[in-house]
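Before any comments, here is the structure.
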Amino acid sequence: MSIGYACLTIGVRDTDFKSCMLKNVSEAKLIELIGHNLHSLEKVIDYNLANRINLFRISSDLIPFGSSPANPLPWEEIFSAQLQQIGLKIKQSGMRVSMHPGQYTVLNSPDAGVVSRAMEDLTYHARVLDSLGTDVKHKIVLHIGGVYNDKEKAINRFISHCRQLDPAVKRRLVPENDDRSYSIEEVLEIGTRLKAPVVFDNLHHAINPSADKMSDADWIKQCQKTWQSGDGRQKIHYSQQNKEKKPGSHSDTIEINEFMHFYDSVAGDNLDVMLEVKDKNLSALKCINCTAADKSIKYLEKEWSRYKYTVLERSPAAYQEIRRLLRIKTEYPALAFYTTLEAALQSPLETGHAINAAQHVWGYFKDVATANEKETFLKNINHYQSGNTGNGSLKKYLWKMAVKYRCSYLLDAYYFIF
DNA sequence: TGACGTCAAGATCCG
DNA sequence: CGGATCTTGACGTCA
């Protein structure tokens with residue numbers, strides 16, 4: 001089983017994606033943006049490799065206006081060296097990538113213009129995966145689309161439009177159930193007719209269930225039948241409901257105990273699990289560390305190095321508890337570690353604890369900082385302590401110091417993110 | 001006609 | 001002027 005995340009990273013330097021508004025598009029601008037984004041993608045792939053993350057969804061925003069006439073550039077050729085280099089890293093590491101056009105790519109619309117733009121968009125996605133030199137196991141996941149008061153006709157339109165797609169798209173296309181219109185049962189029917197593999201999404205299924213009641217694990221087994229050996233391992237999407245938001249909203253983080261319950265229910269299946277969650281790579285690392293065969297405490301220590309000041313400012317008690325958990329180097333208390341971590345990150349921020357954590361971080365600079373810098377730090381502390389503001393600017397200042405003094409330990413810390 | 005979802009760009013405000 | 005915060009854009013469907 002591989003576990004992965006979608007599109008963006010949290011807390012990884014130089015992995016941001018840039019875009020521009022349609023009215024500001026120019027060739028020079030596009031070339032600058034594409035170059036920047038490919039550089040970011042390579043950094044993401046490097047990060048994934050260094051953190052044993054083998055599953056990743058590439059953002060549709062990689063090439064700005066990639067499916068629009070606004071971008072007529074032959075970017076595969078212009079950036080072929082960069083693309084090949086990234087593709088080589090993907091191939092040599094055995095990483096599996098995918099893409100997933102959003103809710104606005106609608107292949108089954110009754111509007112011919114919408115359909116032709118959807119086809120252009122799918123072609124663009126295949127161009128990206130082809131230009132990286134990835135084989136057809138690297139999929140493009142797509143929703144069925146709208147209903148238009150006649151689901152049978154809408155389904156038939158989806159199928160007939162799929163059959164008209166360029167083979168480069170068709171061989172990668174994988175339909176997925178959605179949370180309002182097409183249940184997993186309906187998508188399985190469509191996938192079977194198209195001989196296309198089907199992605200099961202657990203949260204969509206919970207909100208938009210099939211008439212035929214089965215457990216998630218059983219639906220996953222049904223979907224398994226649509227995956228041929230040439231398609232690679234069966235893929236599913238896994239997410240959890242954000243309890244503060246409306247049904248279907250993804251949670252901020254994957255609650256590890258809930259995930260493990262699900263994991264145990266599908267443990268016999270050979271699955272790739274794409275997480276859809278706000279904290280992206282952070283949850284992927286969490287789930288990987290709790291399920292990986294290699295149970296070396298060094299993976300938890302690495303996590304601790306990134307989380308520790310965030311935990312310290314939320315809960316000094318949890319900080320001590322995790323230090324205790326990680327003391328015995330022959331053990332691997334991954335579940336206890338992440339459970340304690342989750343609880344700590346949900347604790348309300350107390351000013352005193354936040355100042356204590358800030359002073360710990362300041363410890364990295366107190367011997368090298370100039371008199372002015374010390375004064376600025378104290379000013380920030382006092383300003384925060386006065387209670388008129390959050391500790392955002394205090395953290396920003398500490399971040400500036402970490403960059404200036406190239407404190408690599410701090411530069412990877414989640415403390416500056418949340 | 002606005003809500004839906006998503007992210008960064010652009011715009012505006014503030015000290 | 002820099003930094004913080006608010007608004008817009010880009011997409012299609014549905015109530």
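Protein chains get the first letters and strands the later ones, always in sequence-line order, with residue 1 at the start of each.
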Closest nucleotide among [options] to the [X] side chain:
X	options	answer
A:Lys246	B:dA9, B:dG5, C:dC14	B:dG5
A:His250	B:dT6, B:dA9, C:dG12	B:dT6
A:Leu8	B:dC7, C:dC14, B:dG5	B:dC7
A:Phe65	C:dC14, C:dA10, C:dC11	C:dA10
A:Lys18	B:dA9, C:dA4, C:dG12	B:dA9

- Message: Taking A:Arg171 first and then A:Asp130, would you say they form a salt bridge - that is, a charged N and a carboxylate O separated by under 4.0 Å?
- Response: yes
message = Any salt bridge linking A:Glu176 with A:Lys235? Criterion: basic side-chain nitrogen under 4.0 Å from a carboxylate oxygen.
response = no
*asked:* Using a 4.0 Å heavy-atom cut-off, does A:Lys278 contact any base of the nucleic acid, only the sugar-phosphate backbone, or nothing at all?
replied: sugar-phosphate
Exercise. Which part of the nucleic acid, if any, lies within reach of A:Ser109 when heavy atoms closer than 4.0 Å are counted: base, sugar-phosphate only, or nothing?
Worked result: sugar-phosphate
Q. Aromatic ring centroids of A:Phe200 and A:Trp219 under 6.0 Å?
A. no
message = I'd like to know whether the aromatic ring centres of A:His125 and A:His100 sit less than 6.0 Å apart in this structure.
response = no
Original post:
Below 4.0 angstrom from OP1 or OP2 of C:dC14, is there any side-chain N or O of A:Arg180?
Top reply: no
Atom CG of A:Asp178 and atom C1' of C:dC14 are separated, to the nearest Å, by 13 Å
